[in-house]
There are 2 protein chains.
Amino acid sequence: MPEGAKAQRVYLSLREDISNGVYTLGQNLPGEVKLASVFEVSRVTVRRALHALCADGLVERRAGSGNVVCNSPSLNAPVAMNFNTLMPQVAEMGRNTTAKLLSFTYNKAPDYIAQAMGLATGDPVQIATRVRLTDDQPFSHLTTYVPQAIATSYSENDLANTPLFTLLERSGVTIAQASQSVSATLASPSVADALDVQVGSALLSLQRLVCDDKGRGVEYLVARYRPDLFTIDMTLARVGEESNRYWEPTIARDTAANKKSVSA
Amino acid sequence: MPEGAKAQRVYLSLREDISNGVYTLGQNLPGEVKLASVFEVSRVTVRRALHALCADGLVERRAGSGNVVCNSPSLNAPVAMNFNTLMPQVAEMGRNTTAKLLSFTYNKAPDYIAQAMGLATGDPVQIATRVRLTDDQPFSHLTTYVPQAIATSYSENDLANTPLFTLLERSGVTIAQASQSVSATLASPSVADALDVQVGSALLSLQRLVCDDKGRGVEYLVARYRPDLFTIDMTLARVGEESNRYWEPTIARDTAANKKSVSA
DNA sequence: CGCACTTGTATGGTTTGTAATACCGGTTTA
DNA sequence: TAAACCGGTATTACAAACCATACAAGTGCG
């Protein structure tokens with residue numbers, strides 16, 4: 001298997017560091033030879049990455065002096081969706097953002113999904129892939145799996161305009177519980193294309209299983225988010241006495257105050 | 001800029017499709033020539049990708065017959081730490097895992113951290129970098145920033161053995177609130193080395209600001225987690241009536257039951 | 001100035017990924 | 001059985017990416 005372009009890895013890594021505040025706007029960045037030894041590549045490769053950063057307007061190259069950071073991408077970014085209990089804000093977002101339906105089929109679900117939802121292997125599910133945009137910028141790539149019996153109660157058109165929760169609850173499903181798991185993955189070509197990022201970028205990954213009051217799975221979500229446009233924020237309060245102190249999530253509908261405290 | 005290995009793109013794309021249910025377990029996958037034309041690469045390139053998939057145990061290659069899907073990824077994942085309210089389980093983990101102190105200095109904090117903690121730019125903070133391992137596998141890379149006045153109440157040795165929360169509360173600090181932000185980043189050379197992953201791998205990223213009862217920042221955490229060994233899990237319950245339904249986090253100390261439902 | 005450091009440029013050679021083509025052998029189906 | 005498809009293998013060729021090196025030129029500082 002090919003190793004994957006090294007120059008691109010250097011480029012992405014440096015871009016990360018800049019947007020994460022490792023290198024601030026003043027006069028910084030290690031020298032080319034230093035970077036080359038850190039990344040264990042040749043200086044030519046480092047230069048390719050630096051040229052790309054320069055073309056992006058992130059660094060300015062000064063012969064004899066060094067490379068200075070002259071802009072930060074995510075600083076003035078239209079950041080971010082934020083949520084505490086995750087779901088409610090997603091529902092609210094449904095009104096402020098646009099969605100695009102990429103694919104829509106009925107098929108049997110992958111085993112691990114069928115198993116998690118409590119379906120027999122081979123049961124048909126509706127598989128829909130959507131992309132959500134804010135200000136014409138795609139920030140999330142969602143693939144949902146819904147048992148066919150439930151899914152037939154709404155149309156392909158509904159899906160493009162209305163959040164799935166609303167559709168499900170309108171269909172008479174009583175949503176009771178959800179369990180979700182957050183992780184990170186690399187952008188595969190298809191989602192990279194849909195999210196308008198480079199292949200190999202880091203993406204926030206979310207898997208969610210939604211169950212009704214009878215414990216049957218009604219939705220399984222596989223989501224990918226652009227980390228520069230989307231973060232999962234939450235605030236916790238320390239409660240309890242003495243040796244029995246523990247953390248409790250703060251239920252904050254209006255979390256505007258938190259946005260500034262922990263940037264991203 | 002290099003384009004990034006084609007064979008790898010085909011590999012990732014196919015893997016995505018398999019795990020997303022586009023190709024199910026039966027007898028499928030288009031022929032090699034068909035795939036080559038779809039991806040607009042040569043047949044040799046497709047074959048490389050298929051060989052890699054075969055080595056992963058995802059497809060079985062049958063001469064004369066075709067390629068059949070024989071497994072789905074993420075099934076046998078060696079998952080994972082899991083937590084709901086994040087903090088308590090971290091404290092529990094402190095006893096089951098080992099930690100290694102990589103660096104320990106007093107220095108001025110980066111601008112954006114000083115600002116978030118409400119410090120004057122230039123105020124010295126203790127900067128400690130630790131790696132946590134489970135079964136000798138490093139899974140998290142933590143960098144903590146603590147104001148020097150507070151940090152002097154415990155020793156460098158304490159830090160390697162005891163969770164920071166315990167140390168802080170033992171020092172008389174009244175921890176009141178925390179706000180955190182979850183995202184994804186690429187592995188930079190230094191953390192990649194510490195976490196034993198390739199440079200450019202995807203990592204789960206967590207930033208956390210902890211404040212005391214007077215609203216002063218007492219700890220700022222920058223954490224990186226290996227997505228294959230660590231996920232953030234949580235369960236939510238749907239409560240409320242009719243139009244006022246919303247999600248509420250389930251406070252689950254014992255979340256063993258959730259582990260199986262949403263794998264990773 | 002002169003030294004130490006930086007980026008800019010040029011050269012040559014090696015490695016790697018990719019393409020195009022041809023041929024062999026197994027599988028399926030008419 | 002024979003034709004049509006499939007994957008397995010091999011060859012040749014080309015281009016891109018990468019590396020190592022050396023040297024020129026710009027900058028900052030004592």
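Computation of the quantities below employed the complete heavy-atom set of this structure, encompassing side-chain atoms and omitting hydrogens, waters and symmetry-equivalent molecules. Chain A is the first sequence line, chain B the second, and so forth, proteins listed ahead of strands; every chain is numbered from 1. Since the model is a prediction, treat every value here as computed from it, not as a measurement.
OP1 or OP2 of D:dT27 has not a single side-chain nitrogen or oxygen of A:Ser65 nearer than 4.0 Å. At least one side-chain nitrogen or oxygen of A:Lys6 sits closer than 4.0 Å to the OP1 or OP2 atom of D:dC19.
Using a 3.5 Å distance cut-off with no hydrogens or angles, the side chains of A:Tyr11 and A:Glu16 do not pair a donor with an acceptor. In summary, the side chains of A:Gln148 and A:Tyr106 do not present any donor paired with an acceptor at a separation below 3.5 Å, with no hydrogens or angles considered. When only modelled atom types and interatomic distance are considered, A:Gln198 and A:Gln8 share a side-chain donor-acceptor pair under 3.5 Å.
When the C1' atom of C:dT7 is taken as reference, atom CZ of A:Arg62 falls 13 Å away, rounded to whole Å. Following rounding to the nearest Å, A:Lys34 (NZ) and C:dA4 (C1') show an atom-to-atom distance of 17 Å. The interatomic distance linking A:Asn67 (CG) with D:dG28 (P) rounds to 14 Å, in whole Å. Straight-line distance from the CZ atom of B:Arg61 to the P atom of C:dT27: 15 Å, rounded to whole Å. Counting to the nearest Å, the P atom of D:dC18 and the CZ atom of A:Phe39 are 14 Å from each other. The CD-P distance, from B:Glu32 to D:dC6, rounds to 10 Å in whole Å. For A:Leu29 and C:dT7, the CG to P distance is 9 Å, given to the nearest whole Å. At whole-Å resolution of the value, CZ in A:Arg9 and C1' in D:dC18 are 12 Å apart.
Rounded to 10°, the angle separating the first-five-pair axis and the last-five-pair axis of the helix from C:dC1-D:dG30 to C:dA30-D:dT1 equals 30°.
Of the residues in residues 43-52 of chain B, those placing a heavy atom less than 4.0 Å from an atom of DNA chain D are B:Arg43, B:Arg47, in numerical order.
With the nearest nucleotide of DNA chain D identified for both A:Gly64 and A:Ala5, A:Ala5 has the one nearer the 5' end.
At a threshold of 4.5 Å between non-hydrogen side-chain atoms, the residues B:Leu209 and B:Met117 count as touching. A 4.5 Å side-chain heavy-atom check between A:Pro138 and A:Arg132 finds every atom pair outside the cut-off.
With distances taken from any side-chain atom of A:Ala63 to the nucleotides D:dA20, C:dT18, D:dG26, the minimum falls on D:dG26.
Contacts of A:Ser190 classified as side-chain contact (heavy atoms from CB on, under 4.5 Å), with partners at least two apart in sequence or in another chain: A:Ser188.
If you run side chain to side chain contact (heavy atoms under 4.5 Å, CB included) between B:Val125 and each of B:Val146, B:Leu119, B:Ile150, only B:Leu119 comes through.
Using a 30° and 60° split on the angle between ring planes, A:Phe139 and A:Tyr225 fall in the parallel class, below 30°.
Salt bridge absent: B:Glu32 and B:Lys34 never bring a charged side-chain N and a carboxylate O closer than 4.0 Å.
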